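Residue indices begin at 1 and follow the sequence shown. On a predicted model such as this, the values are computed, not experimentally measured, just so you know.
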Amino acid sequence: MSYSSLKRLLIGRPLKSKELGEQKLNKVKALAILSSDALSSVAYGPEQVLIVLATIGMIAFWYSIPIGIGVLILLTALILSYRQIIYAYPEGGGAYVVSKHNLGENAGLIAGGSLLVDYILTVSVSISSGTDALTSAFPVLHDYKVIIACLLVILIMILNLRGVTESASALAYPVYLFVLALVLLIGVGIWKVATGQVSPDVHPAIGTAVPGISLFLLLRAFSSGCSALTGVEAISNAVTNFRQPAARNAVRTLVAMGVILAILFSGVMFLAYWFGIVPKAEETVVSQLASQVLGRNGFYYFVQGTTALILVLAANTGFSAFPLLAVNLAVDKYIPRMFTIRGDRLGYSNGIVTLGIASILLIIAFHGNTERLIPLYAVGVFIPFTLSQTGMIVKWLKEKPAGWQGKLVTNFIGAFISFTVLIIFFTTKFSQVWAVLIFLPLIVYVFHRIKNHYEEVGKQLRIMPGDKEALALALEGNVVIIPVAGLTRAVENSINYAKIIGDTVIAVHVAFDRESEKRMEEIWNERYPDIRLVTFYSQYRSLVGPLLRFIDRVEERADDSHMAVTVLIPQFITRKSWHNALHNQSSLLLRAHLLYRKNVIVTTLPYKFKK
């Protein structure tokens, strides 16, 4: 089977650019694809609280109730805050855009870098947790959990490469089945509690004195419970994926997610306390709770099955939000431009593949240990939480629109609580999250280096209004075709050389949308009225295909008239090897397709950068 056939089998037929509108999400599908991370955290958030309290003993478990109430208060503040962010920034981008616009470049890069890492952790934690749920039900698989987790990442990656609507359709059923399963579990559990079927002796009474308890430990338990709030920001990053009116639909989806998350989290937290569930390494809290409430029957396996499914598919939130955030950063020139390119199925496939590979490496490095990943995961969320809320405070103080006082108070509460949780994390779990203090400055430094490179490239390639074309003699007998992406010094250098070696010079431009095609024609005719420009609109976003078809037609005519055909490929040469990864190597791909043609001369004209 050829590569193209295998690609078509796994990913599906290419979609035209005009079909992009059909890839937008309605509220039902958006809730599934963008809320699965937040909703799935119910499966491990309450457990993280109990793990910390268990260090004192079961007598301390009653503290899980006030801690749970504190988490719900923070959830409410975040939902109200991100609701305002969506309306204020309907173009998406979330914390990165808000922080960059209101707090400055570095604040935006810290938020953006945190979220990029957080989405990698989202996939790793979700898949690892799903594998834990699976091995809790089937202990014989426990030794193979890393292999299973890696295979599941590949499966979700392929699903996302097939397009937004297909991944949303696949996700909708497991997400809503999980909600149904947890509602069933909570409903039956509360009924048993209300009818006195659970002995009050299995749990400590609220208010029981706990020897050895400390504020430090309680804050640590609270910060662990806040891991249930990861994924809340994903909807604000992906507003552009919603059908119109996008902002309103995104807000309604956000509120629906908040309500469902609050119900499920509070229900699981309450029942875990009331039934006296103690965390175990070999079995999750939800598994123990389902076993005691429902019994080891079909309903138990329904809960465990849907829990494992949503934990695995919650990784899709990362696969949905990471590529969109990467596009914002790439447009601003902080990461390679390849992240702005849509794939065959109109998704940003480079971002999807990058996320998949990074997540697999992380799972292998941490041996699929969820507990070791969650603290880093949560810190990566609360840094953008704090920055985005602070950015909104600055925005309201500067602009002072109608009703800004109420909005300011909402964002202030969100910023204060988020910052408090962040401080708690660094205070109580420094040994687990210290790496953030190293990799975040490193990421910001890399962002600046990449942007500096792109700006330097732009300066050296940009044609200034006062620049003059060099005069060149033209020789007959050779048709020279120059693929051009835009007007740069490298292209001008190639045109001047083509006039020397060619009798007929033709520039070819492939556009991915009609607006850029028209804009290129206008700029070209103004700059080079004597050089013919042929433009192609590639509705499948293929660069090489249209160029090869045009070269074929020119080659046929050249055979009839005994003329030579030369394809002159402009290529700029970077001074440092790592810079090559920041540029699309389309010239290499085109040259590879042309080298074995008998009647086509392939020439590369290098343009070397000064630094």
Side-chain angles (χ1 to χ4, degrees), residues 14-21 330-331 337-338 340-344 346 457-458 461-465 467 469 472 474 478-499 501-558 561 563-572 583-594 597 600-605 607:
L15 298 176
K16 298 178 181 179
S17 296
K18 66 180 182 181
E19 296 179 76
L20 182 59
V331 168
R337 291 174 180 169
M338 68 177 186
T340 64
I341 300 172
R342 292 187 182 271
D344 286 353
L346 294 172
V457 168
L461 291 180
R462 191 176 299 117
I463 298 175
M464 304 305 292
D467 291 347
E469 293 181 66
N478 191 12
V479 178
V480 181
I481 300 171
I482 310 174
V484 297
L487 288 183
T488 65
R489 290 186 180 275
V491 169
E492 185 171 76
N493 197 32
S494 300
I495 291 172
N496 293 334
Y497 180 69
K499 288 180 179 179
I501 67 171
D503 178 54
T504 304
V505 180
I506 305 172
V508 183
H509 174 70
V510 179
F512 295 162
D513 60 79
R514 294 296 186 186
E515 289 184 7
S516 61
E517 180 184 24
K518 182 179 179 181
R519 187 166 56 251
M520 181 64 179
E521 289 174 346
E522 292 173 351
I523 298 173
W524 185 272
N525 291 332
E526 181 180 345
R527 180 74 185 177
Y528 303 110
D530 58 329
I531 302 294
R532 183 183 175 189
L533 175 70
V534 177
T535 61
F536 292 97
Y537 166 59
S538 177
Q539 58 186 352
Y540 291 109
R541 300 157 307 286
S542 169
L543 179 65
V544 175
L547 284 170
L548 293 179
R549 287 193 292 272
F550 177 75
I551 292 168
D552 287 339
R553 292 201 295 270
V554 174
E555 189 180 358
E556 290 173 3
R557 295 184 62 181
S561 56
M563 295 179 67
V565 177
T566 298
V567 178
L568 181 61
I569 303 175
Q571 183 175 5
F572 50 80
H583 302 279
N584 298 325
Q585 302 299 323
S586 53
S587 60
L588 298 177
L589 186 61
L590 181 59
R591 193 161 65 242
H593 279 85
L594 294 173
R597 297 202 175 198
V600 176
I601 302 167
V602 182
T603 302
T604 300
L605 188 65
Y607 183 87

So which atom in [X] and which in [Y] form the shortest heavy-atom distance, rounded to 0.1 Å?
| X | Y | result |
| --- | --- | --- |
| Met520 | Val484 | CE-CG2, 3.9 Å |
| Pro570 | Ala490 | CB-O, 4.0 Å |
| Leu568 | Ser494 | CD2-O, 3.3 Å |
| Ile482 | Ala498 | CD1-CB, 3.6 Å |

Let me know which of Ile601, Ile481, Val602 forms a side-chain contact (heavy atoms from CB on, under 4.5 Å) with Thr566. Ile601
Nearest 0.5 Å, what's the NE2-CG distance between His509 and Leu487?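 One finds 9.5 Å between NE2 of His509 and CG of Leu487.
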From Lys499 atom NZ to Asp530 atom CG, the distance as rounded to the nearest 0.5 Å: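 The CG atom of Asp530 is 4.5 Å from NZ of Lys499, to the nearest 0.5 Å.
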Once side-chain contact (heavy atoms from CB on, under 4.5 Å) is applied, do any residues pair with Ile506, and if so which ones, sequence neighbours excluded? Val479, Thr504, Val508, Val534, Phe550
Apply the test side chain to side chain contact (heavy atoms under 4.5 Å, CB included) to residues Trp524 and Ile531: give CA-CA distance (whole Å), side-chain angles for both, the deciding distance (0.1 Å), then the verdict. CA-CA 9 Å; Trp524 185 272; Ile531 302 294; 3.7 Å; yes
